[in-house]
Amino acid sequence: MALPPVYVNNCRACEVKYMTVVRTRFSPSPTGSLHLGGTRTALFNWLFARHHQGVFILRIEDTDRERSEERYVREIKESMLWLGLDWDEGPYFQSARLPLYREYIQRLLDQGEAYYCDCDPADLETRRQEALARGDKPKYDGRCRELGLKPGPNTAVRFKTPLTGTTNWHDRGKGPIAFDNRELDDLVIQRADGIPTYNFAVVVDDITMGVTHVIRGEDHIPNTPRQILIYQALGAALPEFAHMTVTLAPGGGKLSKRRGAIPILDYRERGYLPQALVNYMVRLGWAHGDQEIFSREELIKYFSLEHMSKSPGVYDEEKLLWLNAHYIKETPLPELAGLLQPFLERLGIAAKDLNYLARVAGTLNTRSKTLVEMADQARFYFQDPRPYEEKGARKFLTPESAVHLEEIKKRLEALAEFSEAALNQLFQDLTTETGLKMVQLAQPVRLALTGKTVSPGLFDIIIILGKEEVLKRLNLALDFIYKKQ
RNA sequence: GUCCCCAUCGUCUAGCCUGGUCCAGGACACCGGCCUUUCACGCCGGCAACACCGGUUCAAAUCCGGUUGGGGACGCCA
């Protein structure tokens, strides 16, 4: 497929000029949820395309009929959209392109660059295990290579890998990489059931979809020489390859479902903001000087393959949490209220008044690392603060403090307007009159209003709760104290 | 085992290509302090790294080789 020869030169920061419009793709297989690792690949492809004002394609690699499921396709799309990774083309489905692959397979067969193989998969597996046990590289021995087999019910198609020479490319992420062709073997490109395998389908897709830059995890490096050989056999021009580092689990090893990886949508459930996740993922294996916080626009503006790191990074939840806390603080209160609402609902709290919720959020946004935390901390604004935190109640809800609580109640009752200044005056007066420290006055009230020893600023709470509710809660606390005796 | 990739604070990283300005900078975490009605936030300060060995050079975190370590891949999975 010929691409329109558009000269894209809108990128002053870039050394490289692209002769065609940049086209990248993200090609997950719908055999499971989208995790952080795969999403990071999507993000880098998306950023690269956006940076060059190119095209970002979503392609679903569903040639594994056994394990591919529709619900995962939906989850992948939802995850990407949540993060703002929108695609310009697709989703394309490999399962819908079978005739195309067959055509290309036939071409290789006709050219003598592929052949039929009727080896029994079980035998192959045995031989593989034996080779591994022997300490050899488990390669297909090519026993069907020159047999001239015809298509049959149990015949797969293998690619005829050159026996000599080297295959090399200049990786945009890693630099020059070379493989001795003798390390490779004749890989199956079409299964006995007629479905092409991954290594073949990607190549055909990337060729026909005009993909110019293949950006993917470094776990694909060993596949690359095989794919390059197929490009060459098909007489197609090579795309640029850029292999990015994988993400490691804190204990070591690749981050995976078994080792700490959770579905992207679970981050949403756990109260993470998409901006935080995007910011976190991009800084794992990429940097722009010392900058830690990036807006979406900055990311698009600064992103480049040149600044990808070469060594794998370890997933660090603490840093993600820090970023999340940062973005929570940055989010305008009315918007934050909207985000918080569903999390309160989950706690059985129907906070319908968004104005009120915004004021609540304003007292919690510097104290919460996630929306889940924030919702939990917001409970007392909507619910009876009792039962009181036991230790705090023992220390602060005492007969001695009851005297002061009564006095505070009386004065608050008489106070016309609840304002920061008025409340401050009220408490100041009391400290001078009683000789008590502010903390001795404040903690009992805090307990009475929130049930806890830790909370947002006391005056903020009093103002938000309002006179009626505050007096009610003070009475409840006093009852509690009196009943205790 | 074989092949491939990689190697700066506990972690993410800047610097490395274009050796000297680096007794290595930023961030998270951690530890102190300030602020303060609690807890946070914020601010200030601290701890902490060029894996090792050789070579090239007047000079190496930066270039080369090796060792060690980590990671990845070896499917009719993707």
Side-chain angles (χ1 to χ4, degrees), chain A residues 27-31 61-64 66-68 94 117 119-121 124-125 128 131-140 154-158 171 173-175 177-180 182-185 187-193 195-199 201-202 217-225 243 245-246 248 250 252-254 280 283-293 306-307 309-323 325 329 364-369 377 392 396 424 427 431 437-443 445-447 450 452-459:
Chain A
S27 47
S29 66
T31 54
E61 312 225 327
D62 57 350
T63 50
D64 185 344
E66 304 281 297
R67 298 187 296 153
S68 295
Q94 290 190 323
C117 165
C119 287
D120 178 39
L124 290 171
E125 184 53 29
R128 209 178 351 258
L132 230 28
R134 238 182 293 124
D136 289 344
K137 186 156 189 159
K139 287 174 22 182
Y140 175 63
N154 292 311
T155 49
V157 177
R158 284 184 187 271
D171 197 273
K174 302 280 188 185
I177 300 180
F179 277 82
D180 190 322
R182 280 171 300 197
E183 291 298 330
L184 278 22
D185 64 358
L187 69 156
V188 169
I189 53 179
Q190 186 179 80
R191 303 182 180 89
D193 63 6
I195 309 290
T197 58
Y198 164 75
N199 277 117
V202 238
E218 64 184 330
D219 45 333
H220 284 284
I221 289 178
N223 288 326
T224 308
H243 288 94
T245 57
V246 294
L248 269 26
K254 194 163 96 172
Y280 179 71
R283 282 289 286 105
L284 239 181
W286 180 82
H288 182 257
D290 285 341
Q291 191 167 344
E292 294 286 350
I293 307 291
E306 282 63 44
H307 289 96
S309 42
K310 292 184 169 187
S311 48
V314 178
Y315 176 72
D316 179 15
E317 182 108 32
E318 290 294 335
K319 187 137 189 189
L320 209 205
L321 277 168
W322 172 72
L323 279 162
K329 275 176 268 181
L364 296 168
N365 65 159
T366 60
R367 283 158 231 275
S368 323
K369 291 187 167 171
Q377 295 174 121
F396 297 111
N424 197 36
F427 278 84
T431 56
K437 283 199 186 342
M438 184 62 170
V439 64
Q440 293 171 283
L441 250 25
Q443 285 303 73
V445 177
R446 192 184 308 282
L447 248 298
T450 71
K452 295 187 167 54
T453 53
V454 170
S455 82
L458 196 56
F459 301 160

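Reminder, nothing fancy here: chain letters follow the sequence lines and each chain counts from 1.
Counting heavy atoms from C-beta on, the side chains of Arg283(A) and Ile293(A) never come closer than 4.5 Å. You'll find the side chain of Arg367(A) stays beyond 4.5 Å of the side chain of Val454(A), heavy atoms only.
The phosphate of rA27(B) (OP1 or OP2) has no side-chain N or O of Arg283(A) nearer than 4.0 angstrom. Distances shorter than 4.0 Å separate some side-chain N or O of Lys310(A) from OP1 or OP2 on rC6(B). Remark: Arg128(A) is in phosphate contact with rC76(B), judged by side-chain N or O atoms under 4.0 Å from OP1 or OP2.
Under the Watson-Crick or G-U wobble criterion, with both distances below 3.5 Å, rC58(B) is paired with rG20(B). For rA73(B), the paired base is rU2(B) (Watson-Crick or G-U wobble, both distances below 3.5 Å).
Within the 4.0 angstrom heavy-atom criterion, no nucleotide atom of any strand lies near Thr245(A).
Looking at Asp316(A), its side chain has no donor and acceptor atom pair within 3.5 Å of the base of rA29(B).
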Base, backbone or nothing for each nucleotide of nucleotides 30-49 of chain B, written B, S, -, heavy atoms under 4.0 angstrom, 5' to 3'? -------BBBBSS-------
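Arg446(A) forms no cation-pi arrangement with Phe396(A), by the criterion of a distance under 6.0 Å to the ring centre and an angle within 45° of the ring axis.
Considering only the side chain of Pro138(A), rG75(B) comes nearest among rG72(B), rG75(B), rA78(B).
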